[in-house]
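Within every chain, numbering begins at 1; the chains are lettered A, B, ... in the order of the sequence lines, protein sequences first and strands thereafter.
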Amino acid sequence: MRPALRFHLDGAPVEVTDLHPTTTLLRWLRATGRTGTKEGCGEGDCGACTVVVVDPAHPERGPRAVNSCLVLLPQVADLQLFTVEGLAQGATLHPAQQAMVDALGSQCGYCTPGFVMSLVEACHRPDLRQAAPDDWRLDDQLCGNLCRCTGYRPIRDALARVAGTSPDDAVATSLSAPPASPRGSLDYQGDGGRFVAPDRLEDAIALLAEHPDARVVSGATDLGLDVTRRHRRFPLLLSVARIDELDGLDEAGDALRIGAATSLSTLEAATATALPLLHRMLRYFGSRQIKHRGTVGGNLCNASPIGDLAPVLLALDARVELASVRGRRRLPLSEFFLGYRQTAVAPDELLVAVHLRRPPPDARRGAYKVSRRRELDISAVSAAFVVHEIDGAVAHARLAFGGVAATPVRAIDAEQALLGGSLDADLDAALAALSAQVRPIDDDRGSAWFRRTLAANLLRGFVAETASVPFAPLAPGHSATVAAGSQPSGASR
Amino acid sequence: MTGPLGRPAPHESAVGHVTGRAVYTDDLQPPGCLHGVVVPAPVACGRLLAVHTAAAAAMDGVVCVLTAADVPGDPLIGPIVHDEPVLATDRIRFKGQAVAVVFAPDREQARRAAEAVRVEVAAEPAVLGIDAAVAAGAFHTAPHIIARGEVQAALDRLATDGVVVEGEVRVPGQDHFYLETHAALALPQEDGDLCVVSSTQHPTECQRMVARVLGIGEHRVRCEVPRMGGGFGGKESQATAPACLAALGARATGRPAKVWLERHEDMGTTGGRHPFLGRYRAGFRRDGTLEALDVQLFSDGGWTSDLSGPVMDRALFHLDNAYFVEHLRFEGRVCRTDQPSSTAFRGFGGPQGMVVVEDALRRGARALGVPPEQVRRQSYYRDGQPAPYGQVVPAPRIAAMHERLADDAGLAARREVIAAHNAASPFHKRGLGLMPIKFGISFTNSLLNQAGALVLVYADGTVQLNHGGTEMGQGLHTKMVAVCADTLGVHTDAVRQMRTSTDKVPNTSPTAASSGSDLNGAAVLAACTTIRERMRPVAAGLLGVPPETLWFADGAVHGPGGASLSFADLAKQCWLQRVSLASTGFYATPGIAYDAAAGRGTPFFYFAYGIAAVEVELCGLTGEQRLRRVDILHDVGDSLVPTIDRGQIEGGFVQGLGWLTDEQVVIGPDGGVRTLGPSTYKVPAVGDVPLDFRVQLLDRATEPGVVGGSKAVGEPPFMLAIAVLEALEAAVAAFGDAPFELRLPAHPEHLLRAVEQARGHEVPA
């Protein structure tokens with residue numbers, strides 16, 4: 001039997017054979033005449049290609065808007081896929097569509113199908129039902145979709161109208177079906193390429209032992225760029241997306257275990273109460289679409305100096321768990337990054353999970369990211385700080401940065417400068433130590449001067465922000481990553 | 001009035017947009033279609049020695065590889081000067097220039113083959129940027145000078161009697177970032193005729209240039225535009241090259257041929273807004289009046305002249321913005337560089353000119369120790385004063401609009417709140433800024449101010465509407481349907497807006513210069529009026545009333561005493577009585593002319609006005625900023641469709657905000673564009689829009705002589721965003737008293753640099 005990919009497209013079963021596994025969902029949709037879904041950039045940054053997927057094994061996760069330009073066709077196998085062309089019932093528009101018409105949310109119309117699909121996801125987000133007009137989650141829902149015509153105000157109005165309304169649509173039907181059994185494994189071959197998605201970790205590491213040249217893929221938000229922008233065709237892809245052990249966040253007291261294939265949106269939902277420090281970083285982390293696909297393991301194994309999870313995890317003394325046929329091992333995240341885009345992961349090893357402990361509730365904590373654009377942008381500098389003072393003396397200090405060196409780093413000397421002293425009184429000593437250690441580079445995202453200044457200023461801002469509360473959540477309508485002073489003081493009102 | 005004019009309406013294609021059924025050029029997939037991929041030049045400058053195509057031509061699926069040698073007609077195209085080889089002939093003039101084009105049934109096959117084409121070039125040093133071009137004496141144009149009074153004498157006098165400031169402003173470029181990249185599809189017709197479907201703002205130019213490169217008459221080429229996924233000027237002249245390449249492919253193979261640019265190809269090879277360098281000396285009286293202004297402008301035109309000359313003209317025409325300046329000398333010149341060719345972009349040079357004069361105004365106000373508002377109030381045009389080129393500015397509305405906005409937005413009280421906030425907040429400071437605009441409406445090349453329409457009424461009373469304008473999202477078709485329905489007295493759903501096509505309306509002007517509804521609307525009005533007046537006597541005969549007592553409305557013709565006849569019945573009766581139900585309409589803007597050599601004339605039919613007040617909050621730790629509130633009062637005359645106009649105002653403002661803050665085109669030392677996608681080129685996202693965004697249309701604003709009493713709205717609101725710079729500078733100044741320079745675009749690094757300067761800290765050069 002020829003290997004086939006089976007999924008549902010707008011309610012109808014589809015079977016695909018013979019296509020190379022690096023064929024993107026977007027190219028396939030358009031090549032088969034479903035041209036309602038548009039290509040705006042091919043790099044997951046504009047959202048014109050947004051479609052919605054439902055995993056029948058996980059209806060509780062709701063529908064997920066994703067960038068079809070970065071989704072490889074084998075990744076939608078066994079899923080329910082919804083596109084802009086399947087929403088209207090005859091002449092009756094879907095509520096998300098009608099809201100866009102009524103709010104004048106389309107001008108040229110090219111970004112519109114993608115916005116409509118992001119609105120469709122929002123329709124089925126109960127957590128948005130009571131969202132206030134200035135709730136950042138409304139912006140977050142749309143920040144993966146670019147519009148060059150409207151200035152967004154009408155689209156945001158349309159979103160506010162439909163968010164959380166749970167319309168009785170085809171998506172609702174798929175969500176109300178009883179959860180299907182897990183997807184099982186997948187071994188697809190077509191046009192000279194192979195895509196293997198085992199559902200057991202031991203199968204995955206056995207395959208990796210046999211084929212250390214296999215490219216490991218999780219959400220493909222980075223690998224997809226190799227396909228769309230660098231036109232690479234991988235002969236063998238090993239997906240870790242179907243391994244249950246790698247998916248999700250487990251809590252045991254103050255100990256947390258985050259599976260490597262946990263999507264950033266799942267992580268975001270789980271950390272709102274479980275780990276607010278990480279949650280705050282996730283506010284300005286990719287877009288909704290990217291967070292649905294991108295995973296914790298992908299963000300770490302990519303080993304970019306500006307991966308935004310790393311500073312937070314470094315500040316929390318996270319340890320990573322690796323597995324191979326040779327066994328399992330754990331090492332501190334600080335020993336995981338070896339150099340620019342280099343990690344301690346051996347060719348036959350997989351990242352399985354991240355382990356960490358919740359910081360004490362009275363520890364001063366902050367997570368910050370500065371990028372040119374607030375939303376969906378790569379940071380110039382990111383930082384996370386955890387400082388615990390006991391009886392006025394610093395007993396524990398973690399100052400971690402992204403974007404100031406070839407890897408995400410801890411500013412050890414600055415941490416040392418604080419120990420035993422006071423965060424407020426010994427700030428200057430810490431800044432001096434920081435300045436000696438930080439060696440950023442000039443590039444298009446920022447000069448070395450900018451990055452050095454930011455690193456120091458973020459520490460200054462952290463000290464100010466946590467002077468009266470150990471942790472400050474972001475206020476709606478905040479203007480900057482540092483919250484200090486953005487609350488109107490008594491004198492100004 | 002019961003007609004559709006002046007009423008809110010959704011976009012005419014809104015249902016198509018939200019369902020994915022609206023068709024764009026790349027959505028068309030005719031059987032047997034070939035895909036063309038361009039082979040880019042590997043260097044920015046040099047002599048083209050050879051193009052080796054044999055290996056590519058032998059590759060799987062490849063149908064043909066075309067080079068300049070395969071162009072049957074004239075290889076040189078261009079909107080004004082024909083200086084753009086559609087495929088490189090002997091010189092390489094920018095990195096990414098089209099050297100060859102490969103056609104194959106599958107785009108991936110064509111792309112792989114394009115990579116196999118070897119281009120041999122003897123590289124030469126490239127001229128990159130304005131400074132290098134000025135040093136090398138590389139220019140596209142001679143200086144254009146507009147002058148009056150005695151500017152040197154006035155500056156000398158004001159140096160002692162008032163204040164004279166000098167400044168240099170580097171105004172950044174901008175990528176259009178329309179969501180739909182360039183696309184064209186050429187469909188062979190009988191006898192070698194060609195239909196070109198193009199995402200273009202200028203179908204006639206596509207038709208003309210395709211005929212030119214193929215060496216055939218224009219009557220054998222039809223250009224159609226379904227709609228564009230955004231244009232903003234980027235598809236005024238630069239859609240022509242992809243259309244010509246697709247046409248060459250179709251002609252060479254006899255098969256449908258498509259050229260669609262991937263995002264990185266679009267951003268890497270098509271040009272954007274012109275970067276400008278402005279140097280000025282400005283003299284102010286002690287009361288704040290701007291009395292003397294001497295400005296020298298250079299723009300970066302890139303490798304071809306394209307529309308750079310008229311863009312510079314418009315920049316010079318807007319160096320006065322809304323201010324009467326008694327003594328002035330404006331000089332502008334277009335540089336030639338080995339970079340993608342800069343082109344039209346919303347505002348067309350106007351924004352660049354205004355940034356320069358507003359910089360002078362703010363600097364002058366600081367030197368005088370007065371708020372910029374005082375300089376503005378002293379300097380606004382008063383009734384009957386002439387613009388620098390001599391055209392009288394009649395009854396300027398701007399001074400009154402300023403006072404009204406100041407009241408409505410509560411500016412005086414808010415300034416006090418802001419001062420209190422800033423005193424109490426160490427890291428986050430707020431600032432308020434204003435921006436008035438006066439923007440001249442008409443193509444500055446007077447001949448382009450003409451338009452045609454073709455209206456067809458069928459015997460069942462339904463209507464097909466054709467006009468020369470194209471739809472790129474701005475709502476032109478929505479407005480034209482409203483004008484047509486209003487004039488014929490029918491419901492808008494009885495009117496079908498047809499795809500723009502050069503076989504319906506010939507010799508059209510581009511849909512540009514904000515002129516789409518003025519020009520095409522007048523032509524539609526003329527065509528519909530002709531038909532209606534032919535129908536009137538037929539109706540009068542049938543109803544037995546005098547023709548002049550009849551009126552057309554609500555899908556019927558009405559007479560005194562309740563007499564009426566449905567429009568459908570009347571149309572059928574006209575057909576039975578052999579009365580023509582089709583007509584063309586034509587319009588040419590009266591009374592405009594400009595003499596560039598003299599720097600004198602009446603280039604504009606009228607002026608559009610607007611004013612914005614912007615409040616920002618700036619973080620002094622990171623340079624991040626956010627717009628807290630924006631108030632806009634804009635003059636659109638009597639709005640044809642107010643919902644559409646509000647969309648243009650909000651969208652234009654946000655696009656201007658992007659230009660001045662986070663968008664930055666980066667050119668590498670090899671001349672190649674480094675910002676090739678939205679991952680590195682940051683247009684505004686939803687979280688960048690003002691938290692509180694209030695837009696009002698000026699009421700009782702009828703513009704005489706324009707269709708429906710309306711005014712153009714496409715470009716003017718873009719420039720309102722310049723208020724953001726004044727607001728940001730005010731916020732920076734709240735961090736310290738030392739002098740600072742806010743570089744553009746004002747992204748976080750440039751803002752933090754300015755804050756550090758204001759605090760008196762050292763910053764790197």
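- Applying side chain to side chain contact (heavy atoms under 4.5 Å, CB included) to A:S479 and the options B:R628, B:Q625, B:R626 leaves one that passes, B:R626.
- Proximity to chain A (any heavy atom under 4.5 Å) is shown, for B:Q664, by both the backbone and the side chain.
- Judged purely by atom type and a 3.5 angstrom limit, B:E749 uses its side chain to pair as donor or acceptor with the backbone of A:S447.
- In this structure, the side chains of B:V763 and A:W449 come closer than 4.5 Å at one or more pairs of heavy atoms.
- Counting only heavy atoms from C-beta outward, the side chains of A:R156 and B:V686 approach each other to under 4.5 Å.
- No part of A:A380 comes within reach of chain B, as not one of its non-hydrogen atoms sits under 4.5 angstrom from that chain.
- Interface residue B:V683: backbone and side-chain heavy atoms are both found under 4.5 Å from chain A.
- The contact between A:D444 and chain B is made entirely by side chain atoms (from C-beta outward), counting heavy-atom distances below 4.5 Å.
- Residue with the most contacts toward chain B among A:Y368, A:W136, A:Y110, A:F115: A:Y110 (heavy-atom pairs, distance under 4.5 Å).
- B:Y24 contributes atom OH, which lies 6.0 Å from atom NZ of A:K38 (distance to the nearest 0.5 angstrom).
- Side-chain atoms of B:H428 come within 3.5 Å of backbone N or O of A:V482 as a donor-acceptor pair.
- Listed for the B:K682 side chain is a donor-acceptor partner under 3.5 Å among the backbone atoms of A:L376.
- With a threshold of 4.5 angstrom between heavy atoms, A:T37 does not approach chain B through any atom at all.
- Only the backbone of B:A9 has a heavy atom closer than 4.5 Å to any heavy atom of chain A.
- No donor-acceptor distance shorter than 3.5 angstrom exists from the side chain of B:Q655 to the backbone of A:C149, with no hydrogens or angles considered.
- The part of B:L691 that comes within reach of chain A is its side chain, from C-beta onward, which places non-hydrogen atoms under 4.5 angstrom from that chain.
- No side-chain donor from either of B:Q29 and A:T35 sits under 3.5 Å from a side-chain acceptor of the other.
- Here the CZ-OG1 distance, from B:R263 to A:T228, works out to 13.0 Å after rounding to the nearest 0.5 Å.
- Defined by atom type and a distance below 3.5 Å, a donor-acceptor pair is present between the side-chain atoms of B:R111 and A:H231.
- With hydrogens and angles left out, the side-chain atoms of B:H17 and A:S106 include a donor and acceptor closer than 3.5 Å.
- Heavy-atom distances place no part of A:R34 under 4.5 Å from chain B, backbone and side chain included.
- Per-residue counts of heavy-atom pairs under 4.5 Å with chain A were compared for B:R674, B:E115, B:M472; the largest is that of B:R674.
- Looking at A:V101, both its backbone and its side chain come within 4.5 Å of chain B, counting heavy atoms on both sides.
- Rounded to the nearest 0.5 Å, atoms OG1 (A:T112) and CG (B:L179) are 8.5 Å apart.
- Under a 3.5 Å cut-off, the side chain of B:R227 and the backbone N or O of A:G109 do not form any donor-acceptor pair.
- The candidate from B:G231, B:G229, B:P678 with the greatest count of non-hydrogen atom pairs under 4.5 Å with chain A is B:P678.
- Listed for the A:Q97 side chain is a donor-acceptor partner under 3.5 Å among the backbone atoms of B:V18.
- Under a 3.5 Å cut-off, the side chain of A:E43 and the backbone N or O of B:S679 do form a donor-acceptor pair.
- Side chains of A:R445 and B:T680 form a contact here, defined as non-hydrogen atoms less than 4.5 Å apart.
- For B:H747, the part lying under 4.5 angstrom from a heavy atom of chain A is the side chain only.
- Annotation: maximal heavy-atom pairing with chain A below 4.5 Å, among B:M228, B:R646, B:R21, B:Q648, occurs at B:R646.
- Contact annotation for B:L676: both backbone and side-chain heavy atoms come within less than 4.5 Å of a heavy atom of chain A.
- B:D26 pairs by the salt bridge (charged side-chain N to carboxylate O under 4.0 Å, His left out) definition with A:R30, B:K258, not counting sequence neighbours.
- Across A:R372, A:R373, A:R148, a single residue satisfies salt bridge (charged side-chain N to carboxylate O under 4.0 Å, His left out) together with B:E663, and that is A:R148.
- For B:F653, no part lies near chain A; criterion is any non-hydrogen pair under 4.5 Å.
- If you measure heavy-atom distances from A:L87 to chain B, you find no contacts under 4.5 Å at all.
- Contact of the B:E180 side chain with the A:C108 side chain is not registered, since no non-hydrogen atoms from C-beta on lie closer than 4.5 Å.
- Taking chain B as the reference chain and counting heavy-atom pairs below 4.5 Å, the highest number among A:D377, A:V370, A:N145, A:V116 is found for A:D377.
- The two residues B:F427 and A:A464 make their nearest non-hydrogen contact at CE1-CB, 3.4 Å.
- Per-residue heavy-atom pair counts under 4.5 Å with chain B were compared for A:E85, A:R153, A:R27, A:R229, and the maximum is reached by A:R153.
- Using a 4.5 Å cut-off between heavy atoms, A:R451 does not touch chain B at all.
- Looking at A:N457 and B:T622, their side chains never come closer than 4.5 Å, going by heavy atoms from C-beta outward.
- If you tally non-hydrogen atom pairs under 4.5 Å between each of A:T453, A:I378, A:D140, A:T481 and chain B, the highest count goes to A:T481.
- Of all the listed residues (B:E416, B:H176, B:M267), the one sharing the greatest number of non-hydrogen pairs under 4.5 Å with chain A is B:H176.
- Between B:F177 atom CZ and A:C41 atom SG the span is 6.0 Å, to the nearest 0.5 Å.
- Considering only heavy atoms from C-beta on, B:H750 stays 4.5 Å or farther from A:F450 through its side chain.
- B:T181 places none of its side-chain heavy atoms less than 4.5 Å from the side chain of A:E39.
- Of the atoms belonging to A:L146, heavy atoms from both backbone and side chain fall under 4.5 Å from chain B.
- Between A:L93 and B:T19 there is a side-chain heavy-atom pair separated by less than 4.5 Å.
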